[in-house]
Number of protein chains: 2
Amino acid sequence: MAIKLSLDALDIKILKILQNNSQHTIKDIAEQVNLSLSPTHDRIKRLEMDGFIKEYVGILNRKKLNLGLMVHCQVTLEKQNRSNFSEFEQSIKEFPEVISCHLVSGNFDYYLNVISEDVESYNRFYQEKLAVLPSVAHISSLFVMDEIKTTTSLPL
Amino acid sequence: MAIKLSLDALDIKILKILQNNSQHTIKDIAEQVNLSLSPTHDRIKRLEMDGFIKEYVGILNRKKLNLGLMVHCQVTLEKQNRSNFSEFEQSIKEFPEVISCHLVSGNFDYYLNVISEDVESYNRFYQEKLAVLPSVAHISSLFVMDEIKTTTSLPL
DNA sequence: AAAAGCCAACGAATTAAATTCGCTGGCCAT
DNA sequence: ATGGCCAGCGAATTTAATTCGTTGGCTTTT
């Protein structure tokens with residue numbers, strides 16, 4: 001199965017379907033894209049193999065799971081040397097509380113999204129795990145008061 | 001099937017598995033939690049019905065799909081009245097480019113995550129869709145230079 | 001322009017997984 | 001102690017995924 005360089009309209013349609021609900025049967029999808037089962041199946045497998053689809057996951061309801069607090073952290077590192085950065089990034093990757101971390105342009109270095117049960121639990125994470133990282137110079141925490149929109153669907 | 005109020009250790013184990021990879025077969029999961037097929041199946045269905053699992057989705061590779069740019073937007077609204085807020089939120093929900101939007105504490109009101117092909121495409125979104133919303137007073141854009149970590153898995 | 005080769009789609013057959021259902025044993029409450 | 005309830009179980013059934021050999025159209029080559 002060779003890597004296909006460009007996706008056609010049907011591939012995009014399939015990706016749109018799967019990124020919104022990966023539980024559709026191939027039969028369902030086949031009907032929606034007007035193909036029969038086997039080419040639809042082949043296309044999906046190819047999209048997976050070629051890495052257009054990274055993974056399939058279940059999205060959990062954090063509020064029902066007692067994870068009611070989301071905090072944004074703006075982190076500034078000591079600027080002296082670059083090795084600080086990879087050391088920091090390595091630690092972040094290992095913290096399950098951090099669900100996203102981006103290196104950004106602007107007045108600070110990293111933007112994190114942190115999930116916690118409540119303020120105390122967040123404070124524990126902050127004091128014991130984040131603030132103690134050797135390269136961290138400054139952290140601002142912004143508390144999420146309302147989650148207006150959250151999606152994993154890309155604009156295709 | 002009645003709603004179960006508290007989850008036991010096996011339920012949590014199942015959720016952990018499914019939030020990382022929803023393509024495991026029930027047989028797989030049953031083995032990992034040391035149950036047979038049917039109670040495992042029942043538990044999964046119950047977790048879905050009770051809303052602990054919100055949905056199953058495919059996660060796409062945005063870079064391979066020519067969506068190489070992510071931007072964080074800090075948005076401040078005119079503070080005069082509250083109706084601005086729901087008007088703004090309604091518009092945001094309809095923009096596919098915005099993959100997340102949070103009302104936050106701090107110096108501004110909303111924090112957005114926006115996905116675009118490139119800087120020009122982002123600028124078009126900014127000029128034509130975001131900046132023109134009537135209630136918007138100020139927007140700062142921070143460009144994501146590196147995506148260190150992105151996960152949909154909650155810390156269970 | 002004709003022939004050859006290639007690719008995507010197809011349908012039927014097979015394999016694998018999900019789902020259903022009636023049964024059993026342990027536990028809690030009366 | 002006993003009755004009822006709940007969770008787990010295994011077998012049977014249904015549904016879906018996967019495989020594979022075939023076909024037809026398109027492009028490339030001579």
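A note on names: the letters A, B, ... follow the listed sequences, proteins ahead of strands, and every chain is numbered from 1.
Between Ser36(B) and His24(A), the residue whose closest nucleotide on DNA chain D is further toward the 5' end is Ser36(B).
The side chain of Lys45(B) lies closest to dT19(C), out of dT19(C), dA9(C), dG11(C). The side chain of Ile26(A) lies closest to dT18(D), out of dT19(C), dA7(D), dT18(D). In this structure, the nucleotide among dC9(D), dG11(C), dA17(D) sitting nearest to the side chain of Leu35(B) is dC9(D). The nucleotide whose nearest atom lies closest to any side-chain atom of Leu37(A) is, among dG8(D), dT18(D), dA9(C), dT18(D).
Counting to the nearest Å, the C1' atom of dC9(D) and the NZ atom of Lys27(B) are 17 Å from each other. Here the C1' atom of nucleotide dT18(D) and the CD atom of Gln23(B) are 14 Å apart, to the nearest Å. Rounded to whole Å, atom P of dA8(C) lies 12 Å from atom CG of Leu10(A). Counting to the nearest Å, the P atom of dA17(C) and the CD atom of Glu31(B) are 11 Å from each other. In this structure, Asp42(B) places its CG atom 11 Å from P of dC9(D), rounding to the nearest Å. The CG-P distance, from Leu7(A) to dA8(C), rounds to 12 Å in whole Å. The nearest whole Å value for the distance from the CG atom in Leu47(A) to the P atom in dA8(C) is 12 Å. If you measure from atom CD1 of Ile44(B) to atom C1' of dA18(C), you get 10 Å, rounded to the nearest angstrom.
Ion pairing of Lys64(B) with Asp50(A) is absent here, as no side-chain N (NZ or NE/NH1/NH2) approaches a carboxylate O to less than 4.0 Å.
For Arg46(B), no side-chain nitrogen or oxygen approaches OP1 or OP2 of dA7(D) to under 4.0 Å. In this model, the phosphate group of dT18(D) is approached by a side-chain N or O of His41(A) to a distance below 4.0 Å at OP1 or OP2.
Between the side chains of Tyr56(A) and Glu48(A), at least one donor N or O lies within less than 3.5 Å of an accepting N or O. Of the N and O atoms on the side chains of Glu94(A) and Ser91(A), not one donor lies less than 3.5 Å from an acceptor on the other residue.
Side-chain atoms of Ser38(B) come within donor-acceptor range of the base of dG10(D), with a qualifying N/O pair under 3.5 Å.
For the atom pair CD of Gln19(B) and OG of Ser153(B), the computed distance is 4.0 Å after rounding to the nearest 0.5 Å.
If you check every strand for non-hydrogen atoms under 4.0 Å, Thr25(A) touches sugar and phosphate atoms only.
Using a 30° and 60° split on the angle between ring planes, Tyr110(B) and Phe85(B) fall in the tilted class, from 30° to 60°.
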